[in-house]
> 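Got a structure here, written out as structure tokens. Questions coming.
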Amino acid sequence: MESLVPAWLVPARSQSPTWKSPGSTRIAQHESTRVKRFKQLFGGTSLEESVEKSRGGAFSALRDLFRPGVKLDEDFWEELEDTFIMADVGPYLADELIERARESIAAARLEAAADAHGLVEELLVEQLPAQSDTLRRAEPLTVVLMVGVNGSGKTTMSAKLAHWLQEQGHSCMLAAADTFRAAAIDQLRVWAERVDVPLIAQQPGADPGAVVFDAVDSALARKASHLIVDTAGRLHTKSNLMDELRKVQRIAVSRVGADAIEALLVMDAITGQNVLNQARIFQDAVSLSGLIITKLDSTARGGSVFGIARELQLPIKFVGTGEQLNDMDEFDSTRFVRALLGEPATA
Amino acid sequence: MFETLSDRLQDVFQKLRGRGKLTEADVNAALREVRMALLEADVNFRVVRDFLKSLRERAIGAEVLESLTPGQQVVKIVHEELIRLLGEPAPLRLTGSPPHVIMLVGLQGSGKTTAAGKLALALRKQGQRCLLAAADIYRPAAIEQLETIGKQIDVPVHALGAKESPVRIAESAVERARQKRLSTVIIDTAGRLQIDEAMMEEIQEIAEAVSPQEVLLVADAMTGQEAVRVAQAFHERVPTTGLVLTKTDGDARGGAALSVRSVTGIPIRFMGSGEKIEPLEPFYPDRLASRILGMGDVLSLIERAEETIDAEQAADIEKKLRTATFTLEDFVEQLQQIKKMGSMGQILEMLPGMGQFMRNPAMAAALDEQQFARVEAMIYSMTPAERRNPGIIDGSRRRRIAAGSGTTPAEVNQLLHNFRQMQTVMKSLAKGKIPKNIMRMFG
């Protein structure tokens, strides 16, 4: 049998920086400009090593894509397409974007890759829906439904969002509507204590609709401005679970009105092309108002949101960048695209 | 948009009919379709590139040239190659003197804790005495989660709280297993990014401390292009011995498994599906290959049907069908069962070749989910007596049912008419005859 271990597979160890982090004190002594830039892009405090590694390693080819001296030849286009695909943009959309980039670059009569960077960046930014207000603010109460497949990071993101809202001067509450997963309520309770926001929870196995009903009552009574509902993770293919989510949404709508609901799909940046199916079905069930991309501190670039943006016109509201409460940021399409392309060599 | 690869390849080769010889351009066009299909399935683009190189030779070979259906032939070759690449299912290698140690590693949210429970259950059913070790001290309530799962499946959980170091937890779990003469220790480690140096060092330390026989990388079936680098990084730190692909009950094509397999060479050991703690499922290369190609997954459909349809209920209904005592009550129950399996659209998508049907607007309309809901509403608006004996439904009852279900008397009529036809069909089925126009009554 022929060897199927591809020749391009250079062990990443040899590509990695030789220094090791000094255990628990993880503040890197070697803060390069690249690291600074990434921190500047995505905030967060635990990115040092990740950036060093991901940019220094397999991404080096991409970082150099727009370096001075590179011609806009077939090799360039192929590499750019690889960049898109590697970021999970998806083959058909990548194809189309390359075509459009070629057209606009031909029209601008550019020859050097370094000059093309701005155009490519602009093209990608255009694909993402215009920035909207980060979160709706309805009187007296806004209900934020956190929905998504299992393991996408809803619970952690709920806590971060509560923390973020509090820092913005809002009064916020959490509702533990994941009554299914073992210890999900405990997990949210720990977070609620850390963030210091009230948590409304019932017993494991309780009806999530009832939890939300009660939580809205409490939130109204306590005059909270936002109620963040952490729903159970569910695969979009499970119609009974999607029905359950519909019911949760209906209850919320009946209590505060549709305009006071933010239904946010939480997606892991590492998810591939399946995310479009997910978004379609969640959209159909609870009329999503936006997306949250989590785990962007990984090497994944989250390019699969381009497909969602194109089809469903859903704004991306926040990004999650780590496990700490502060590891989140409002979405910025330019920053996102720059990270996806790898920044120009001049940075 | 969601044409199957075979449809697209058939289109490519259709144009060649009568021209006889395949040119290089033809082969390129066909390979392009294969490339797109694999990328859509989240197979890593470099793995795809290598795959196409080896495919090219076979694609221009005689078996395609001389075939009457070159498109199908290419699909067959791709399918075979995928099966070959995915490798044979390999059982766990738990050798040496017990306790054997299995370590689960992976990214956050990949499903390690659930997989740990499922693995423990699978091993327990094989007669092993397992111990689950809760070594995720970082995620809030991760230890409680494992403890809850342990209780559900009646497997002891070794937990020392979140203050003890994961290395210490792992070591003491093995020690406890040795003392209590348990056969297998399953260590549930915290989710971590492969680029988190300190955390990666931690799993290395755990592995050095307890020398696991198996280190299983747990990866989500939905993972995109990054799967390769994640797997590589884990593999370098702690030599992984197998892959567990989780959340396969979704509709992700699971190309990540192929990427991981071909890059690291580690075998795919198990598939996880569902949140309920049931034993991990073995991996079948042919099924996964079909899934990656979007060729429909009939076997999974059958399994899903078996899982959702209550066997006793089915036997009961079968008896009613045979004796032609099937009532509207039974009918609505049947609708419920079908709904539990997923939407009609989803069910049909799982059948090979059905993609085309679904794009047909007439077909889509016939399968309108709303229609199901209306039928249900009408039946629920009937009294139990009416459901058992629809013959008593007169004009006034019809109006009441229509008003109760938000439909019209004409629709109620239509339903009753269809139901009578169905009963006729069943009577003839019971006598062993299969009516020719059986499908028409659903039209």
Side-chain angles (χ1 to χ4, degrees), chain A residues 1-2 4-6 8-9 11-13 20-21 23-24 26 46 49-50 53-54 57-58 82 85-88 90-92 149-153 180-184 186-191 204 233 235-240 268 270-275 277-278 295 297-300 304 323, chain B residues 1 35-36 39-42 45-47 50 54 84-85 107-111 113 138-142 144-149 152 193-198 201 220-227 229-230 232-233 236 247 249-253 255-256 262-263 265 275 339-343 346:
Chain A
M1 199 168 114
E2 68 190 292
L4 283 152
V5 176
W8 51 267
L9 203 69
R13 260 285 173 75
K20 273 191 178 177
S21 76
S24 56
R26 287 165 54 195
S46 57
E49 298 142 329
S50 70
K53 273 208 165 178
S54 62
D82 286 350
I85 287 174
M86 190 144 89
D88 290 317
Y92 292 97
V149 298
N150 314 70
S152 58
F180 181 82
R181 179 166 58 91
D186 298 331
Q187 187 181 350
L188 194 63
R189 183 168 289 128
V190 173
W191 278 120
L235 292 181
H236 51 293
T237 48
K238 305 263 171 177
S239 55
N240 53 338
D268 187 330
I270 207 168
T271 321
Q273 298 309 300
N274 187 245
V275 85
N277 278 4
Q278 293 171 22
K295 309 180 202 176
D297 51 330
S298 68
T299 49
S304 47
E323 291 181 312
Chain B
M1 174 145 179
R35 172 175 176 268
M36 295 305 240
L39 289 174
E40 277 269 295
D42 295 321
F45 75 105
R46 284 176 168 138
V47 174
D50 288 347
S54 64
R84 197 170 65 79
L85 276 182
L107 298 175
Q108 291 96 339
S110 55
T113 306
Y138 307 99
R139 180 164 58 93
E144 288 87 337
Q145 185 183 354
L146 195 67
E147 282 176 329
T148 309
I149 289 173
Q152 283 170 16
L193 289 177
Q194 84 278 11
I195 47 176
D196 189 330
E197 185 65 26
E201 214 165 292
D220 187 323
M222 300 178 276
T223 313
Q225 297 284 321
E226 282 295 306
R229 270 199 287 178
V230 171
Q232 238 180 294
E236 277 147 19
K247 306 180 205 173
D249 44 339
D251 58 359
R253 306 256 293 272
S262 53
V263 167
E275 293 175 82
K339 271 190 8 192
K340 265 196 275 174
M341 286 171 62
S343 74
Q346 275 171 24

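Sequence lines set the chain letters: A, B, ... in the order given, protein chains first and strands last, and positions in each chain run from 1. Hydrogens, waters and symmetry mates are skipped; everything else that's a heavy atom, side chains included, is used.
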> Which answer fits A/Arg181, side chain, backbone, both or neither, if we ask what part of it has an atom under 4.5 Å from a heavy atom of chain B?
side chain
> Just checking, is any N or O donor in the side chain of B/Gln108 or A/Ser298 under 3.5 Å from an acceptor N or O on the other one?
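On atom types as modelled, these side chains do not qualify, holding no pair under 3.5 Å.
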> Looking only at heavy atoms and a cut-off of under 4.5 Å, which of A/Asp268, A/Leu188, A/Thr271 has the most pairs with chain B?
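Going by pairs under 4.5 Å, I would pick A/Thr271.
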> For the atom pair CD1 (A/Ile85) and CG (B/Leu39), what is the distance rounded to the nearest 0.5 Å?
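So the gap between those two atoms works out to 5.0 Å.
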> Roughly how far, to the nearest 0.5 Å, is CG of B/Leu193 from NZ of A/Lys295?
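Rounded to the nearest 0.5 Å, the NZ-CG separation comes out at 8.5 Å.
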> For a quick test of reading the model, state the closest non-hydrogen atom pair linking A/Ala183 to B/Gln145 and the distance between them.
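Closest pair (atom of A/Ala183, atom of B/Gln145, distance): CB-N, 3.3 Å.
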> Counting N and O atoms only, with roles assigned by atom type, does the side chain of B/Lys247 sit under 3.5 Å from a partner on the main chain of A/Asn150, one being a donor and the other an acceptor?
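It does hold such a pair.
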> Looking at every non-hydrogen atom in both residues, tell me the closest pair between B/Gly250 and A/Thr237 and how far apart they are.
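Of all heavy-atom pairs spanning B/Gly250 and A/Thr237, the closest is CA-OG1, 3.5 Å.
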> Relative to chain B, which segment of A/Val149 carries a heavy atom at a distance below 4.5 Å: side chain, backbone, both, or neither?
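It is the side chain, since no backbone atom gets that close.
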> Evaluate side-chain contact (heavy atoms from CB on, under 4.5 Å) for A/Asn274 paired with B/Asp251, printing each intermediate quantity in order.
CA-CA 7 Å; A/Asn274 187 245; B/Asp251 58 359; 2.7 Å; yes
> So, using salt bridge (charged side-chain N to carboxylate O under 4.0 Å, His left out) as the criterion, who are the partners of A/Asp88 when residues are at least two apart?
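Salt bridge (charged side-chain N to carboxylate O under 4.0 Å, His left out) list for A/Asp88, sorted by chain: empty.
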> Pick one of side chain, backbone, both or neither for B/Leu146, based on which atoms fall under 4.5 Å of a heavy atom in chain A.
neither
> Any chance you could measure B/Arg229, atom CZ, to A/Ile270, atom CD1, to the nearest 0.5 Å?
9.5 Å
> Any side-chain heavy atom of A/Gln278 within less than 4.5 Å of one from B/Met222?
yes
> Got a sec, which residues hit salt bridge (charged side-chain N to carboxylate O under 4.0 Å, His left out) with B/Asp42, two or more places apart in sequence or on another chain?
none
> Any idea which heavy atoms bring B/Met36 and A/Pro91 closest together, and the distance?
SD-CB, 3.5 Å
> For the interface with chain A, which of B/Ala256, B/Gly111, B/Ala252 has the highest count of heavy-atom pairs at distances below 4.5 Å?
B/Ala252
> Rounded at 0.5 Å granularity, tell me how far CE in A/Met86 sits from CZ in B/Arg46.
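Result: 5.5 Å between the selected atoms.
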